[in-house]
Each structure stands twice: as structure tokens, then as C-alpha cells.
Participant: 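First, the structure itself, so that you have it in front of you.
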Amino acid sequence: MTERVLKLLDPAPPEPDLGHGYLDLLGEVAGPHDTVAQRLMRSAGLPRIYEHVWRPVVFGLSKGGPLGPSTAEEYALAREWLGLAETPDATVLDVACGPGNVSRALATGLTGDGLVVGVDASATMLGRAVADTPPGSGVEYVRCDAVDLPFREGAFDAVCCYGALYLFEDPWAALAGMARVLRPGGRLVVLTTRRPGLPVVGHGMGALSDLTGIRMFSPAELTEALGTAGFSTVRRRSYGLMQFAGATLA
Ligand SMILES: C[S@@+](CC[C@H](N)C(=O)[O-])C[C@H]1O[C@@H](n2cnc3c(N)ncnc32)[C@H](O)[C@@H]1O
């Protein structure tokens, strides 16, 4: 764990727990929120198949199959919308990093002495992230609650939150937290669910949300929430049941 990550924290722990290859700020706490989807994220099995099987299939179908962007295109969009190429030595936060797939993809866009900090609440996901991230990749991991980020105000140049806002107990508090840890003018990119416009489909999705704990957001709802959190210049793209939003902190 680099000193650089410890310096981003507020407050920094007096005795950091680094025993698993990531900084663990949750310890024995299982996780912030107990739903079917969250239990799956904390399981031992999902992290093993997440990056190469689960994500391509589940996200692929949700993005409308061949009509949506590939995983590589998703990652390229994040690097571009976050402006990584134009931000030397960027400090980037990857919220709900899972097994580190997005963190590593963001790190390929860093220039100079850049750093990606991937945070997640799941110990099994982070175990996989550490195992799959070669040393010197420019990525470090922290186990914490994404809805209560432990970083100091304005610590990051850019924040990415892919595939997770819909899992959080309070997604709007999470967005407010992301705004807090971004520097003024810093950029945010979000990939989350999109509630279909047709009322009958939307109703069915509501029932599914209640069952699984996965929420669906209308594009207008997300744009409004970004505005409330202090973001401007919202860019967006929608594919099937997913939407991307990019924004700049005012
Ligand atoms: C579907 S994975 C997304 C991984 C990656 N960002 C991607 O796009 O492939 C969702 C992740 O969100 C994490 N997560 C859910 N709620 C969280 C919370 N409150 N704090 C931190 N991580 C959380 C889960 O543990 C899981 O690893």
C-alpha cells in the first residue's frame, strides 16, 4: 500500500490493516446492505467468474446485446469522459471496483505518476482484485463502504462508478460522497441501470427490483440527482437497460 493512498484518507487509520493486499477499513463488518444481489457480490463463487463470464453475459444482455458497446468500448468511454489523457499524474477513484476489472482498465489510461484507487465492500471481490492486479500497475485497493467514502474532500481528479449505483442502499448519498471527494472541475462517469419508459415494462422491473435489490433509474432521475450533488455538463448514452452518464463537478 503506497503512502499516497494513506494520505488520501480522512482520517488515516493509526494501524492500517493491510494483511490481505488491500487496506481493510471494514474488518469483520460483512457489508453495508443485505439484499440478494449484495449477498451474491460477497459470495466466494461470483468473483471467480465475474470478469470473464458473468459481466460479459449479464452486462452484454442488459446493454442490448450487439446494439450496445463492448466491454472494451465501455472502458474506453470511461477513460475518455474522465479526461485521463489530459490529466497528468491523475488520482482516480474507482467506486465499487469488484475484482478490479475497471480499475485496471482505467490505469491503462494514466499518464505520469497516476494512481487508481479501487474501493469495494466485498472481501471476496477484493481478494480477486489483488490476485489479478500485477504489482506496479498503478492500482491500489481499499475495502470500505462506497456510500460513506473515507477520503478527504477534493482528494481525486476523477471518479468512476460502473455497475454499482443500483446496488447501493442510498445511491444519492453515494453520489454526494463522490462529489465531496472530487476536486472542483473533476469528472465523474457512471454506468448504471436504466428504467424502460414503457409503464408496463417499468412496473415489471419494479417487482424485480423488490426481489433482488437492484434498482432501476430513469435518465431524468439520474440527471436530476447529479445536478443536486453539484455536477454540471451531463453527457449521456443509453443502451437497453443500461445508461452511461458523464459529469463535471461545478
Ligand atoms: C457488479 S460489481 C461491479 C464491478 C465493476 N465496477 C464493474 O463494472 O464490472 C458491483 C460491486 O459493487 C460492490 N458494492 C455494492 N455495494 C457497495 C457498497 N455500499 N460499498 C462498496 N462496494 C459495494 C459489490 O461488492 C460489487 O463488487
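All ligand and atom numbering here is 1-based and tracks the order in the structure.
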Participant: Considering the heavy atoms of Gly163, write down every atom of ligand 1 situated less than 4.0 Å from one of them.
Facilitator: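 In order of number, 1 (C), 2 (S), 3 (C), 10 (C).
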Participant: Of all the atoms in ligand 1, which lie at a distance below 4.0 Å from a heavy atom belonging to Tyr162?
Facilitator: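 Going through ligand 1 atom by atom, the ones under 4.0 Å from Tyr162 are 3 (C), 5 (C), 6 (N), 7 (C), 8 (O).
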Participant: Under 3.5 Å, is there a donor on one side chain and an acceptor on the other for Ser122 and Arg143?
Facilitator: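 Result is no, nothing qualifies.
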Participant: Does Arg235 have more than 12 heavy atoms from other residues, nucleotides or ligands lying within 6.0 Å of its CZ?
Facilitator: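 Yes, enclosed.
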Participant: Between ligand 1 and Ala164, is the shortest N or O to N or O distance under 3.5 Å?
Facilitator: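 No; the residue has no nitrogen or oxygen that sits under 3.5 Å from a nitrogen or oxygen of the ligand.
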Participant: Taking N or O atoms only and a 3.5 Å limit, does Gln38 qualify as a polar contact for ligand 1?
Facilitator: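 Yes - when backbone and side-chain N and O of Gln38 are compared with those of ligand 1, one distance drops under 3.5 Å.
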Participant: Under a 4.0 Å heavy-atom limit, does Val119 contact ligand 1 with its side chain, its backbone, both, or neither?
Facilitator: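 Near ligand 1, Val119 shows nothing, with every heavy atom at 4.0 Å or more.
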Participant: Is there any N or O on Phe59 that sits under 3.5 Å from an N or O of ligand 1?
Facilitator: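 Between Phe59 and ligand 1 (N or O atoms, distance only) the closest approach is not under 3.5 Å.
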Participant: Is it the side chain (CB and beyond), the backbone, both or neither of Leu167 that lies under 4.0 Å from ligand 1, heavy atoms counted?
Facilitator: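 Just the side chain.
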Participant: Using a 4.0 Å cut-off to any heavy atom of Ser122, which atoms of ligand 1 qualify?
Facilitator: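 Taking each heavy atom of Ser122 in turn, ligand 1 has 25 (O) under 4.0 Å.
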Participant: Indicate, as side chain, backbone, both or neither, the part of Cys144 found under 4.0 angstrom from ligand 1 when only non-hydrogen atoms are considered.
Facilitator: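 The answer is the backbone.
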Participant: Are Arg4 and Glu140 ion-paired here, with the side-chain N under 4.0 Å from a carboxylate O?
Facilitator: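 No salt bridge links Arg4 with Glu140.
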Participant: Taking distance alone, with no angle check, do Asp145 and ligand 1 share an N/O pair under 3.5 Å?
Facilitator: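 Yes.
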Participant: Quick test of your reading of the model: are Glu51 and Arg104 salt-bridged, counting only N-O distances below 4.0 Å?
Facilitator: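 Looking at Glu51 and Arg104, the cut-off is met.
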Participant: Does ligand 1 have a heavy atom under 4.0 Å from the side chain of Asp120, from its backbone, from both, or from neither?
Facilitator: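 Within the 4.0 Å criterion, Asp120 contacts ligand 1 through backbone and side-chain atoms alike.
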Participant: Can Glu74 and Arg79 be counted as an ion pair, charged N to O under 4.0 angstrom?
Facilitator: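 Answer for the salt bridge query: no.
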Participant: If we ignore angles and hydrogens, is there a donor and acceptor under 3.5 Å between the side chains of Gln243 and Arg236?
Facilitator: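 The criterion, which ignores hydrogens and geometry beyond distance, is satisfied for Arg236 and Gln243.
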Participant: List ligand 1 atoms under 4.0 Å from Ala96, heavy atoms only on the residue side.
Facilitator: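 Going through ligand 1 atom by atom, the ones under 4.0 Å from Ala96 are 3 (C), 4 (C), 5 (C), 6 (N), 11 (C), 12 (O), 13 (C).
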Participant: Quick one: which ligand 1 atoms are inside 4.0 Å of a heavy atom on Ala146?
Facilitator: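 Per the distance check, 18 (C), 19 (N), 20 (N), 21 (C).
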Participant: Might you confirm whether atom CD of Glu86 has over 12 heavy atoms from other residues, nucleotides or ligands at distances under 6.0 Å?
Facilitator: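 Yes.
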Participant: Record the part of Arg55 in heavy-atom contact with ligand 1 below 4.0 Å; permitted values are side chain, backbone, both and neither.
Facilitator: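 The part of Arg55 near ligand 1 is the side chain, not the backbone.
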Participant: Under 3.5 Å, is there a donor-acceptor pair between the Thr108 and Tyr75 side chains?
Facilitator: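 No, because no side-chain N or O of Thr108 sits under 3.5 Å from a partner of the opposite role on Tyr75.
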Participant: Could you check, using the six-membered ring where one of them is a Trp, whether Tyr166 and Phe217 have ring centers closer than 6.0 angstrom?
Facilitator: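 For Tyr166 and Phe217, the ring centres are not under 6.0 Å apart.
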